[in-house]
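Notes to accompany the following structure.
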Amino acid sequence: MQFDHFNSHQDDGLMSIEDLRALRLRKKKIESDKKARKYILEINQRYRKMLDRKSNNFLRNINPFKKAA
């Protein structure tokens, strides 16, 4: 039986045991991949935020119009 990997709403009424196991494993893999991508996205967002702060501070420190102390 051929599956559409992007369509997880398939009718599993007349599937063999092997097909049901494969479908369940595929669904678990898709869910774990989603969680992993979400985790990586959160890490990247935090990293970008830190990098933006550092670059903003750097630009502020080299401002030629800033009064010398």
Side-chain angles (χ1 to χ4, degrees):
M1 178 177 248
Q2 187 67 14
F3 292 108
D4 180 10
H5 298 292
F6 299 107
N7 185 6
S8 63
H9 304 293
Q10 293 178 344
D11 182 27
D12 53 346
L14 300 174
M15 298 174 77
S16 68
I17 292 173
E18 294 85 17
D19 291 338
L20 288 172
R21 284 183 184 151
L23 180 64
R24 185 181 47 171
L25 287 174
R26 189 170 23 261
K27 285 182 180 179
K28 282 185 180 180
K29 184 176 182 337
I30 290 171
E31 288 301 316
S32 67
D33 288 347
K34 284 181 184 178
K35 287 179 184 177
R37 283 192 300 268
K38 183 178 177 185
Y39 178 70
I40 291 170
L41 177 70
E42 290 173 358
I43 290 173
N44 286 338
Q45 285 175 341
R46 279 186 268 153
Y47 181 74
R48 277 190 223 112
K49 193 175 182 181
M50 286 188 319
L51 226 94
D52 287 344
R53 260 193 234 136
K54 284 182 183 178
S55 67
N56 285 342
N57 285 339
F58 176 75
L59 292 175
R60 202 173 297 134
N61 288 338
I62 64 167
N63 187 354
F65 302 108
K66 183 177 173 183
K67 292 183 180 179

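Here, residue 1 is the first one in the sequence, and each next residue gets the next number. Note that this is a predicted model, so its numbers are computed, not measured.
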4.5 Å side-chain heavy-atom contact, K27 and R24: no
Within 6.0 angstrom of I17 CD1, more than 12 heavy atoms from elsewhere: no
R46 side chain reached by M50 side chain, heavy atoms, under 4.5 Å: no
Euclidean distance, L20 CG relative to L25 CG, rounded to 0.5 Å: 11.0 Å
Distance (rounded to the nearest 0.5 Å) between K49 NZ and N44 CG: 14.5 Å
Evaluation steps, salt bridge (Lys or Arg N to Asp or Glu O under 4.0 Å), between E31 and K34: CA-CA 5 Å; E31 288 301 316; K34 284 181 184 178; 3.7 Å; yes
Residue list, side chain to side chain contact (heavy atoms under 4.5 Å, CB included) with D33, at least two apart or on another chain: K29, R37
Reported CZ-to-CG distance for the pair R26 and D19, which is rounded to 0.5 angstrom: 8.5 Å
